[in-house]
J.: 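Sharing a structure here in structure tokens format.
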Protein chains: 2
Amino acid sequence: MDSTVRPYSQVYDTLRKVGLRPTRQRLGLARLLFENGDRHVTAEQLHAEAAAANLRVSLATIYNTLNQFTGVGLMREVVVEPGRSYFDTNTTDHHHFFHEDTAQLQDIPGDAISVGKVPEPPAGTRVERVDIIVRIRG
Amino acid sequence: MDSTVRPYSQVYDTLRKVGLRPTRQRLGLARLLFENGDRHVTAEQLHAEAAAANLRVSLATIYNTLNQFTGVGLMREVVVEPGRSYFDTNTTDHHHFFHEDTAQLQDIPGDAISVGKVPEPPAGTRVERVDIIVRIRG
DNA sequence: TCAACAGATTAGAATCATTTTAAAGAAGAA
DNA sequence: TTCTTCTTTAAAATGATTCTAATCTGTTGA
């Protein structure tokens, strides 16, 4: 459990658990994503960050990896802007502030906001998820 | 006030009011959008619809027009899917169901849903708007 | 240990929605 | 009518994302 001695063991186990081969790229990206608290990243941002961390990963792999992590439930996709996708490492039930000026996402703690009345979904449908975006400006 | 005699007068006045020249294209699109109840359209959809109605408009103009209408407050943009924008003719305070299967948007009447606790925005920011998307499946 | 296979990565091309460009066309004022 | 300004348009450009086909790497079983 000593991360200075076995720095990759946690993300390694995580990847095994979800059935993704722990490759160099996935391990590196997983560390960037999951060992720095809750994060909201775009593909481009993560790509730049990987480069800065000396991790050589193609943009295609960044996209593959973000989609795979999202597919297995390690991340969530948040849609707030046309033409750009954000990925969130916090998969617990929560909502978001979106800073319109800086295009930054920020978690709203799960209990700081709630839906008053949940409306009845149309006949024959079920609610999959409720997303609340509070758009703010500086 | 007789729309069979002066079919364009309403949208004509609307365009004048917001300071947009009532051109053939804008008049035609405004009629499609505002004379058929509350609507949610993508640029492509509106383009197809215009063609079906024998209104010759380029896709660039569709985009220009939707953005202008949104800019002057005649419509609202709704972001629910990465890579596609929806425009809503209903500008009153309300939220949306999004059918994940069919990619259709549907209004939730303003009083059928509400935010319980509105969270305090981060220091130095103000709330611009709150968007709730209830994602549903068939 | 290592061969062999399935799965992963990659550069580059392709795609899709949207915006820009620059040229030609139409609306409004005088 | 004429001039000016705003619009429209086809076509090119852009930007994010996905696909393709070739190469590479983990994993497994002998």
Side-chain angles (χ1 to χ4, degrees), chain A residues 8-9 11-30 32 40-51 53-72 74-75 77-87 103 105, chain B residues 8-9 11-30 32 40-51 53-72 74-75 77-87 103 105:
Chain A
Y8 283 90
S9 68
V11 290
Y12 189 96
D13 293 348
T14 303
L15 291 180
R16 295 302 284 277
K17 207 166 298 168
V18 297
L20 290 172
R21 280 194 189 170
T23 63
R24 177 178 62 78
Q25 291 84 339
R26 292 209 271 236
L27 285 167
L29 294 176
L32 289 175
H40 304 93
V41 297
T42 63
E44 286 291 354
Q45 279 166 17
L46 184 58
H47 191 223
E49 208 174 309
N54 256 21
L55 176 67
R56 289 184 68 265
V57 197
S58 73
L59 192 53
T61 296
I62 300 275
Y63 276 104
N64 287 341
T65 303
L66 286 173
N67 286 326
Q68 288 154 353
F69 284 5
T70 301
V72 299
L74 291 177
M75 304 186 78
E77 189 172 4
V78 187
V79 185
V80 275
E81 277 195 319
R84 184 154 40 193
S85 271
Y86 289 80
F87 293 86
L105 270 179
Chain B
Y8 284 89
S9 68
V11 292
Y12 189 95
D13 292 347
T14 303
L15 291 180
R16 294 303 283 277
K17 206 166 300 170
V18 299
L20 290 172
R21 280 193 189 170
T23 63
R24 178 178 61 78
Q25 292 83 339
R26 292 208 271 236
L27 284 167
L29 294 176
L32 289 175
H40 304 93
V41 297
T42 63
E44 285 291 355
Q45 279 166 17
L46 185 57
H47 191 222
E49 209 174 308
N54 256 21
L55 176 66
R56 290 183 69 266
V57 197
S58 73
L59 192 52
T61 296
I62 300 274
Y63 277 104
N64 287 341
T65 303
L66 286 173
N67 286 326
Q68 289 156 352
F69 284 6
T70 300
V72 299
L74 292 177
M75 303 187 78
E77 189 172 4
V78 187
V79 186
V80 276
E81 278 194 318
R84 184 153 42 195
S85 271
Y86 290 80
F87 293 86
L105 270 179

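We name chains A, B, ... by the order of the sequence lines, and we start the count at 1 in each one.
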J.: Can you find a heavy atom in the side chain of A:R24 that is under 4.5 Å from one in the side chain of A:L55?
T.: yes

J.: Round to a whole Å and report the spacing from NE2 of A:H47 to P of D:dG15.
T.: 17 Å

J.: Indicate the atoms forming the closest heavy-atom contact of B:Y86 with B:A103, along with that distance.
T.: OH-O, 2.7 Å

J.: Could you measure the distance from the CG atom of A:L29 to the CZ atom of A:F69? Nearest 0.5 Å is fine.
T.: 6.5 Å

J.: To the nearest 0.5 Å, what is the distance between CG (A:L59) and CD (A:E44)?
T.: 5.0 Å

J.: Take atom CD1 of A:I62 and atom C1' of C:dA8, then tell me their distance rounded to the nearest Å.
T.: 14 Å

J.: Could you give the CD-to-P distance, from B:Q45 to C:dA17, as a whole number of Å?
T.: 11 Å

J.: Quick one: what's the B/S/- string for nucleotides 21-28 of chain D, heavy-atom cutoff under 4.0 Å, read 5' to 3'?
T.: ----BBS-

J.: Whole angstrom is fine here: how far is it from CG in A:L29 over to P in C:dA8?
T.: 14 Å

J.: Measure the spacing between CG of A:L20 and CD of A:Q68 and express it to the nearest 0.5 Å.
T.: 5.5 Å

J.: Quickly work out the B:R26 CZ to C:dA27 P distance and round it to whole Å.
T.: 11 Å

J.: Could you tell me the separation between the CG atom of B:L15 and the P atom of D:dT8, rounded to a whole number of Å?
T.: 10 Å

J.: Between the protein and nucleotides 18-20 of chain C, which nitrogen or oxygen pairs are less than 3.5 angstrom apart?
T.:
unit_1, atom_1, unit_2, atom_2, d
C:dT18, OP1, B:S85, N, 3.0
C:dT18, OP2, B:Y63, OH, 2.3
C:dT18, O5', B:Y63, OH, 3.1
C:dT19, OP2, B:N67, ND2, 3.2

J.: To the nearest 0.5 Å, how far apart are CG in A:N67 and CD in A:E77?
T.: 6.5 Å

J.: Looking at OG1 of A:T65 and CE of A:M75, how far apart are the two atoms once the value is rounded to the nearest 0.5 Å?
T.: 10.5 Å

J.: Can you measure from CD (A:E81) to CG (A:L105) and round to the nearest 0.5 angstrom?
T.: 8.5 Å

J.: Could you pull out all residues at least two apart from B:R16 that satisfy salt bridge (Lys or Arg N to Asp or Glu O under 4.0 Å)?
T.: none

J.: Counting only side-chain nitrogens and oxygens, does A:S58 get under 4.0 Å of the OP1 or OP2 atom of C:dT10?
T.: yes

J.: Rounded off to whole Å, could you give me the CG-to-P distance for the A:L20 and C:dA6 pair?
T.: 19 Å

